[in-house]
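Report on the structure given below.
Sequential numbering from 1 along the given sequence is applied to the chain's residues.
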Amino acid sequence: RGFAPAESAPLPLTPESVRNIHTKGGTVLGTGRGHFDPDVILDFVKANRVNMVFVLGGDGSHRAALKIHETCRDAALRTVVVGIPKTVDNDLLYIDKTFGFDTAVG
């Protein structure tokens with residue numbers, strides 16, 4: 001979420017904007033479930049000269065990250081896509097525990 005202008009404008013993260021972020025519930029970044037359009041993401045990446053994309057989530061999010069990577073690669077963009085495991089199910093292989101799990105079961 002956040003790649004399509006209709007959804008939301010980019011949110012610059014500065015020390016001031018995140019100073020008290022831990023006192024708020026949820027996420028200021030937004031979340032997405034399900035469908036995404038790699039071409040919309042590609043257009044955003046090109047228009048905003050994004051050179052790194054971070055994807056946080058479980059297996060579905062990481063499949064999407066792979067598709068984003070492939071789309072950027074096929075367009076000859078030098079954009080790095082980083083996948084960060086996060087799931088309340090704690091079901092990612094090779095990861096002992098993901099952040100979010102303790103909060104969900106606590």
Side-chain angles (χ1 to χ4, degrees):
R1 197 180 128 173
F3 289 104
E7 292 179 12
S8 61
L11 176 64
L13 300 177
T14 65
E16 293 78 29
S17 71
V18 299
R19 180 164 288 122
N20 294 313
I21 199 170
H22 64 287
T23 64
K24 301 176 175 124
T27 175
V28 298
L29 300 177
T31 58
R33 304 279 298 163
H35 180 73
F36 71 100
D37 186 341
D39 293 323
V40 169
I41 295 171
L42 180 66
D43 291 343
F44 181 92
V45 165
K46 282 199 249 185
N48 292 280
R49 299 185 346 206
V50 173
N51 60 9
M52 293 186 88
V53 174
F54 292 88
V55 177
L56 284 71
D59 58 343
S61 297
H62 288 269
R63 282 193 296 275
L66 176 60
K67 183 64 176 167
I68 294 167
H69 159 72
E70 292 169 344
T71 303
C72 289
R73 181 199 59 209
D74 293 347
L77 290 180
R78 294 177 52 111
T79 302
V80 175
V81 179
V82 179
I84 300 171
K86 188 220 182 285
T87 174
V88 297
D89 300 326
N90 207 36
D91 61 353
L92 292 172
L93 291 175
Y94 312 112
I95 303 292
D96 291 331
K97 189 184 293 187
T98 62
F99 67 95
F101 177 74
D102 286 336
T103 305
V105 298

Practice task
Evaluate the criterion side chain to side chain contact (heavy atoms under 4.5 Å, CB included) for residue pair L66 and H62; output intermediate values, then yes/no.
Solution key: CA-CA 6 Å; L66 176 60; H62 288 269; over 6 Å; no
Handout entry: Contacts of R73 that satisfy salt bridge (charged side-chain N to carboxylate O under 4.0 Å, His left out) - sequence neighbours left out
Key =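 Partners of R73 by the salt bridge (charged side-chain N to carboxylate O under 4.0 Å, His left out) criterion come out as none, since no residue qualifies.
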Practice task
Would you name the heavy atoms of S17 and P12 that are closest together and state the gap between them?
Solution key: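 Nearest heavy atoms, S17 then P12: OG-O, 3.5 Å.
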Practice task
Could you tell me which non-hydrogen atom of V82 sits nearest to which non-hydrogen atom of V80, and how far apart they are?
Solution key: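 Minimum heavy-atom contact is CG2-CG1, 3.8 Å.
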Output a table of donor-acceptor pairs, distance under 3.5 Å, between side-chain atoms of residues 38-55 and any protein atom two or more places apart or on a different chain; print 'none' if there are none.
unit_1, atom_1, unit_2, atom_2, d
N48, ND2, F44, O, 3.0

